[in-house]
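A quick write-up on the structure given underneath.
Proteins get letters first, then strands, A, B, ... in listed order; numbering begins at 1 in each. All heavy atoms count here, side chains included; hydrogens, waters and symmetry mates do not. As the structure is a prediction and not an experimental result, all values here were calculated from the model.
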Amino acid sequence: MKKNLALVWRRIPQRYRLIGSLCESCNEKFFPKRHFCPKCRRKGKIKDFQFSGKGSVYSYTKVSVAPEGYESMAPYYLAIVKLDEGPLLLAQIVDCEDDEIHIGAKVRKAFRIMNKDGKEGVINYGFKFIIDN
Amino acid sequence: MRRVAVIGIGITKFGEHWEKGFRDLVIEAGKNALEDANVQGEEIDALFVGAMSPGLMVGQEHAAALVADYIGLNPIPATRVEGACASGGLAFRNAYMAVASGMHDIVVAGGAEKMTDLDTAQISTVLGGAGDEEWELFQGATFPAIYALMAKRHMHEYHTREEDMALVSVKNHKHASMNDYAQFQKEITVEEVLESKTVSSPLKLLDCSPITDGAAVVVLAELEKAKKYTDTLIEVIGSGQASGQIALHDRQSITQIDATRVAAEKALKQAKVTHKDIDLVEVHDCFTIAEILALEDLGFFKKGEAVKAIRENQTYYDGSLPVNTSGGLKGCGHPVGATGIKQIVEVAIQLRNQAGKRQVKNAEIGMTHNVGGSGATAVVHILKRIK
Ligand SMILES: [Zn+2]
């Protein structure tokens, strides 16, 4: 289904540069951004936080049956990455051989094409991760 | 709060119904439930319908009004309830609360989904919407991929094996083969599960619940009033619901569903029963790993210990803790919005001693467990046969 441009555009700072949030009250970091700290709630002090883009594989799967718009990439690795600063996020692991990926493997952020919105639609970019040797 | 009982149940066969649309399915289940309860349309006070996405699946929103219209219940209030795969369970809980509160005396709760009009990639996208669109789907996640990530981590932390997950599928297909309304009527083997096509490793096709059309409807009544309609009263003695993070990666642990744990604690506390009192449980096995997680998070086993019971066949209909005698989502089928109501129907059939070959001996108390998405919604009910 074709998406409105703004729907993707409004997440660009987070997706291109991995900007999340830090709660200055409890020092908890979040990715994606949060407007409320789930721990401190109204007492939380949220500000932007730049993640380094380095982390390790916490869990992973090889997706063979892909959703609409991702079929041409299948099969691909999808992982929960534990960022060095703490939070977990979901990302594809690319340019990686089957024997390179395992729980604990070091990875770092890369900037990649995420999907194409049909033949005439826009190309969306975002982050994927690569093995960090 | 007033006491509430289930007085009527109705269900369609689950499967691929090329000839039937969304409304045909609900009409069939609704008619069966009203006949089973022996109530007249004018005695019914309200209707709740659980459906995840008829809008995206068949282009029909406003589903509750449609159902009220077509099962002849106008002008009573009709409300659609949505909580992804837990929509049916939430519809049931809302109906229960409406009667318990004293607002209404007789309420109908239904659930339905018409899924086979879409192709696999389309339905995969719609179901993916139960997760986080911006931070899971955009990254290329599917619903099986999210549960595969839970499975992989569970295997890492607790040494769960692919064979253990396969045993869940084999058991649920066995149960389904004894259930006329189930989608699958054939038994399968561990080898067949392990050799089936990989969907999202380590999950294979036979680890995944299928795409299904179907509907289920139940009728609830205030307990004293219920006695007018039936001798076998199935009382709702506990109801719990909880929410958790929408995205898997935002959870403290990805090998447990906290919403399930909280919903179960609430339902058990209200029912004043313990795990030992539960004679059977219908859990939300959208994937085989989900049944393992459910048995742990509901509190029947410690983390990592459910597989031991599974390996010892304790979860069969004749075992010490019968799980998913309907065949579960895996064997009976998973018409998303209908599943939560189907679980109530199956427990009622068991408590009424009408389950035939898959009957659990002396079943008196049953539990249902319905999950939305990867665990952002969970709803648990406990039902008891009273004389
Ligand atoms: Zn905080």
Handout entry: Under 4.5 Å from a heavy atom of chain A, the part of B/Asp132 involved
Key = neither
Exercise for the section: For each of B/Lys197, B/Lys152, B/Arg153, tally heavy-atom pairs with chain A at distances under 4.5 Å, and name the one with the top tally. Expected result: B/Arg153
Practice task
Examine A/Arg15 relative to B/Trp135 and say whether NZ or CZ is less than 6.0 Å from the centre of the six-membered ring and inside a 45° cone about the ring axis.
Solution key: yes
Handout entry: Carboxylate-amine/guanidinium contact A/Asp95 A/Lys128, below 4.0 Å
Key = no
Problem - Atom group of B/Ser124 that falls short of 4.5 Å from chain A, counting heavy atoms - result: side chain
Exercise for the section: Would you check if A/Phe30 and A/Cys37 make a side-chain contact, meaning some heavy-atom pair closer than 4.5 Å? Expected result: yes
Completion exercise
Residue from B/Ala145, B/Gly128, B/Ala121, B/Gly140 scoring the most non-hydrogen pairs under 4.5 Å with chain A is B/Gly140
Practice task
May I ask you to check whether A/Phe127 and A/Phe31 place their ring centres under 6.0 Å from each other?
Solution key: yes
Exercise for the section: Could you tell me which portion of A/Ala79 (side chain, backbone, both or neither) has an atom closer than 4.5 angstrom to a non-hydrogen atom of chain B? Expected result: backbone
Handout entry: Closest non-hydrogen atom pair between B/Leu293 and B/Lys303, with its separation
Key = CD2-NZ, 3.9 Å
Practice task
Give, as side chain, backbone, both or neither, the part of B/Leu137 having an atom under 4.5 angstrom from any heavy atom of chain A.
Solution key: backbone
Problem - Part of A/Arg112 lying under 4.5 Å from any heavy atom of chain B - result: neither
Exercise for the section: Evaluate the ring planes of B/Phe143 and B/Phe287, with Trp represented by its six-membered ring, and classify them as parallel (under 30°), tilted (30 to 60°) or perpendicular (over 60°). Expected result: perpendicular
Problem - Ion pair check, A/Asp48 and A/Arg17, cut-off under 4.0 Å - result: no
Problem - Structural part of A/Leu78 lying under 4.5 Å from a heavy atom of chain B - result: both
Completion exercise
Of B/Leu149, B/Leu127, B/Ile146, the largest count of non-hydrogen pairs under 4.5 angstrom with chain A goes to B/Leu149
Problem - Interface moiety of A/Ala66 toward chain B, non-hydrogen atoms closer than 4.5 Å - result: backbone
